[in-house]
Amino acid sequence: MTIKVIIVDDQAMVRAGFAALLAAQSDIDVVGDAPDGRQGVEVSRRTHPDVVLMDVRMPEMDGLEAARQLLDPPPGVTHRPKVLMLTTFDVDDYVYEALRAGASGFLLKDAPPADLISAVRVVAAGEALLAPSVTRRLIADFARQRPAPRKNPALRLGGLTPRETEVLELIARGLSNQEIAGSLILAEQTVKTHIGRVLAKLGLRDRAQAVIYAYESGLVAPGTSSPSGD
């Protein structure tokens with residue numbers, strides 16, 4: 001199955017470079033590009049890509065608003081692509097909001113070419129792209145700036161079993177599936193099963209939204225360290 005991709009970035013050289021890299025892959029087809037969010041939404045609605053590579057800061061319409069329009073389309077529009085945000089650390093605030101809006105993850109613009117190719121495949125497959133080390137830095141930093149009311153997280157997490165709650169907490173602290181398996185002494189496949197149940201019970205789209213949910217429900221306190229010590 002070929003993965004259809006569009007690239008939305010206000011820098012022509014970035015669009016051309018990413019397009020050349022991705023188009024060289026036998027399983028990826030670049031079906032369009034756009035220089036701003038407004039045109040990006042138009043191109044997406046016309047070409048129906050599987051994945052949209054979306055820059056954060058652009059003229060006319062920024063990547064955050066474009067992501068919102070793609071992921072929460074008006075009545076009559078059924079296509080919802082996966083959105084992968086392109087960012088640098090100085091605009092992480094936008095990425096946090098994009099994850100809340102339903103973006104599938106983020107990728108640093110200076111990431112190695114192999115990482116970009118892998119990211120497109122991961123997101124197209126329905127997984128969230130959240131590198132554990134970056135998750136700890138990004139989400140904790142911005143959750144600290146927006147402390148969630150810690151009224152009674154049990155009210156929002158009551159549908160989860162104690163084990164599922166543990167798994168959600170470790171996801172939010174930035175642990176990978178392998179690290180969660182080691183921490184809880186479980187098989188990695190069992191961890192994947194627990195994660196699937198967590199997402200289903202809480203009505204979440206992917207791992208990215210699970211991280212946000214854990215902070216905003218009060219399950220994880222901003223600024224606390226992860227079990228791995230990071």
Side-chain angles (χ1 to χ4, degrees), residues 1-88 91-131 134 199 203-210 212:
M1 176 181 168
T2 300
I3 302 168
K4 296 196 298 183
V5 177
I6 68 170
I7 302 164
V8 185
D9 193 292
D10 61 339
Q11 298 181 46
M13 290 184 65
V14 170
R15 296 199 306 275
F18 283 0
L21 176 66
L22 294 173
Q25 310 305 309
S26 61
D27 61 335
I28 298 176
D29 185 14
V30 179
V31 297
D33 66 82
D36 60 63
R38 179 180 59 79
Q39 293 185 54
V41 172
E42 293 173 357
V43 172
S44 178
R45 298 262 163 83
R46 186 172 67 249
T47 61
H48 291 185
D50 300 300
V51 177
V52 177
L53 290 178
M54 182 78 74
D55 190 19
V56 173
R57 287 184 175 176
M58 294 179 289
E60 297 295 329
M61 179 189 293
D62 66 22
L64 176 58
E65 179 57 30
R68 285 177 177 146
Q69 292 194 17
L70 290 176
L71 296 167
D72 187 20
V77 177
T78 58
H79 179 252
R80 289 180 175 84
K82 304 293 185 182
V83 176
L84 178 59
M85 305 301 296
L86 300 170
T87 184
T88 53
V91 291
D92 279 343
D93 193 9
Y94 288 84
V95 179
Y96 180 91
E97 295 301 332
L99 293 175
R100 293 184 64 191
S104 293
F106 57 91
L107 185 72
L108 299 180
K109 294 180 83 169
D110 61 356
D115 286 3
L116 173 64
I117 296 167
S118 175
V120 168
R121 290 171 176 155
V122 166
V123 169
E127 298 293 330
L129 187 77
L130 283 174
V134 180
L199 298 181
L204 304 174
R205 182 177 309 181
D206 54 31
R207 194 185 192 98
Q209 290 193 329
I212 300 297

Between [atom1] on residue [X] and [atom2] on residue [Y], distance to nearest 0.5 Å:
| X | Y | atom1 | atom2 | value |
| --- | --- | --- | --- | --- |
| Leu53 | Leu116 | CG | CG | 6.0 Å |
| Arg57 | Leu86 | CZ | CG | 14.5 Å |
| Lys4 | Ile6 | NZ | CD1 | 10.5 Å |

Pairs of donor and acceptor atoms involving the side chains of residues 16-31, under 3.5 Å and at least two apart or interchain, shall be tabulated with distances.
residue : atom : partner : partner atom : Å
Gln25   : NE2  : Leu21   : O            : 3.2
Asp27   : OD1  : Arg121  : NH2          : 3.0
Asp27   : OD2  : Arg121  : NE           : 2.9

task: Identify whether the distance between the nearest side-chain nitrogen and carboxylate oxygen of Glu42 and Arg46 falls below 4.0 Å.
output: no

When you measure from the side chain of Ser44 to the backbone of Gly40, do you find a donor-acceptor pair of N or O atoms at a distance under 3.5 Å? no

Note, [X] side chain near [Y] side chain (heavy atom, < 4.5 Å):
| X | Y | answer |
| --- | --- | --- |
| Leu84 | Ser104 | no |
| Val77 | Arg45 | yes |
| Val51 | Ile3 | yes |
| Val52 | Leu70 | yes |
| Met58 | Val8 | yes |
| Asp55 | Met85 | no |
| Val56 | Leu64 | no |

For Met54 and Ala66, the nearest pair of non-hydrogen atoms, with its separation, is CE-CB, 3.5 Å

The complete set of side-chain hydrogen bond (donor to acceptor under 3.5 Å, both in side chains) pairs with one or both residues in residues 65-81, sequence neighbours excluded, reads Glu65-Gln69

Contacts satisfying salt bridge (charged side-chain N to carboxylate O under 4.0 Å, His left out) that involve residues 6-22 (not counting sequence neighbours) are Asp9-Lys109, Arg15-Asp33

